[in-house]
Amino acid sequence: FSLPGSAHKIVNFIETFSVDVGKGTGHVLGYSLFDFARFGDAKYGAPQNGPKDVQLDQGKLEKSFLSFKQNHATWEPDAMGKRIIKTLNRFRSEALGVTPEEETDSSSA
């Protein structure tokens with residue numbers, strides 16, 4: 001890996017995936033917005049697939065989303081993020097062989 005040799009690719013990546021969110025924040029990489037419509041991978045719980053060439057390997061976007069939500073419990077995701085959480089909760093309940101209500105009841109005991 002040579003930085004001078006890779007500079008064009010790095011600049012191209014930043015230009016391609018930067019989003020101006022305004023509000024005093026400016027430009028951020030689109031991945032940091034948890035834009036599952038653009039970057040999602042349904043194999044890892046996203047409600048829909050983004051194009052394969054922009055998906056992150058091994059569901060890293062979805063895993064990052066869950067980690068962020070776990071570490072910022074009061075943060076409210078958008079509708080697509082809430083769908084991911086609901087889908088994963090349903091999958092977890094099915095894997096445990098309980099309904100979501102039973103799981104909630106047993107965890108509060």
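Here the structure is a predicted model, which is why all the values come from computation and not from measurement.
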Subject >> Partners meeting ring-ring contact (aromatic ring centres under 6.0 Å, His included) with His72 (sequence neighbours left out) >> reply: Phe68

**OP:** For Gly40 and Ala46, work out which heavy atoms get closest and say how close.
**Re:** CA-CB, 3.8 Å

Original post:
Taking a hydrophobic cluster as the set of Ile, Leu, Val, Met, Phe, Trp and Tyr residues connected by side-chain heavy atoms closer than 4.5 Å, whether directly or through intermediates, do Val11 and Leu3 fall within one such cluster?
Top reply: no

**OP:** Measure the shortest side-chain to side-chain distance between Asp20 and Thr25 over non-hydrogen atoms and say whether it is less than 4.5 angstrom.
**Re:** no

Original post:
By ring-ring contact (aromatic ring centres under 6.0 Å, His included), which residues pair with Tyr31, not counting sequence neighbours?
Top reply: Phe17, Phe39

Original post:
Looking at CG of Asn89 and CD1 of Ile84, how far apart are the two atoms once the value is rounded to the nearest 0.5 Å?
Top reply: 12.0 Å

**OP:** Using the test side chain to side chain contact (heavy atoms under 4.5 Å, CB included), find all partners of Pro4 that sit at least two apart in sequence or belong to another chain.
**Re:** Ser2

Subject >> Pairs meeting criterion salt bridge (Lys or Arg N to Asp or Glu O under 4.0 Å) with involvement of residues 72-82, two or more places apart >> reply: Glu76-Lys82

Original post:
Looking only at heavy atoms, which two atoms of His27 and Ser18 are closest? And how far apart?
Top reply: CD2-CB, 4.2 Å

Original post:
Listed by chain and number, what are the side chain to side chain contact (heavy atoms under 4.5 Å, CB included) partners of Glu94, not counting sequence neighbours?
Top reply: Arg90

Subject >> Partners meeting side-chain hydrogen bond (donor to acceptor under 3.5 Å, both in side chains) with Asn49 (sequence neighbours left out) >> reply: Gln55

Original post:
When you measure from the side chain of Asn71 to the backbone N and O of Ser67, does any donor-acceptor pair fall under 3.5 Å?
Top reply: yes

Original post:
Considering residues at least two apart in sequence or located in another chain, which fulfil the side chain to side chain contact (heavy atoms under 4.5 Å, CB included) criterion with Ser32?
Top reply: Val28

**OP:** Evaluate the criterion side chain to side chain contact (heavy atoms under 4.5 Å, CB included) for residue pair Leu29 and Val19; output intermediate values, then yes/no.
**Re:** CA-CA 6 Å; Leu29 285 177; Val19 177; over 6 Å; no

Subject >> Phe36 to Pro47 - nearest heavy-atom pair and separation >> reply: CB-CD, 4.4 Å

Original post:
Within a radius of less than 6.0 Å around CZ of Phe91, do more than 12 heavy atoms belonging to other residues, nucleotides or ligands occur?
Top reply: no

**OP:** Starting from the C-alpha separation in whole Å, work towards a yes-or-no answer on side chain to side chain contact (heavy atoms under 4.5 Å, CB included) for Met80 and Phe34.
**Re:** CA-CA 9 Å; Met80 202 168 283; Phe34 303 122; over 6 Å; no

**OP:** Any pair with a residue in residues 33-48 that passes side-chain hydrogen bond (donor to acceptor under 3.5 Å, both in side chains), sequence neighbours left out, goes on the list, sorted by first then second residue, please.
**Re:** none

Original post:
Is it true that atom NZ of Lys60 has more than 12 heavy atoms of other residues, nucleotides or ligands lying nearer than 6.0 Å?
Top reply: no

**OP:** Tell me whether Trp75 is reachable from Leu88 by hopping between hydrophobic residues (I, L, V, M, F, W, Y) whose side-chain heavy atoms are closer than 4.5 Å.
**Re:** yes

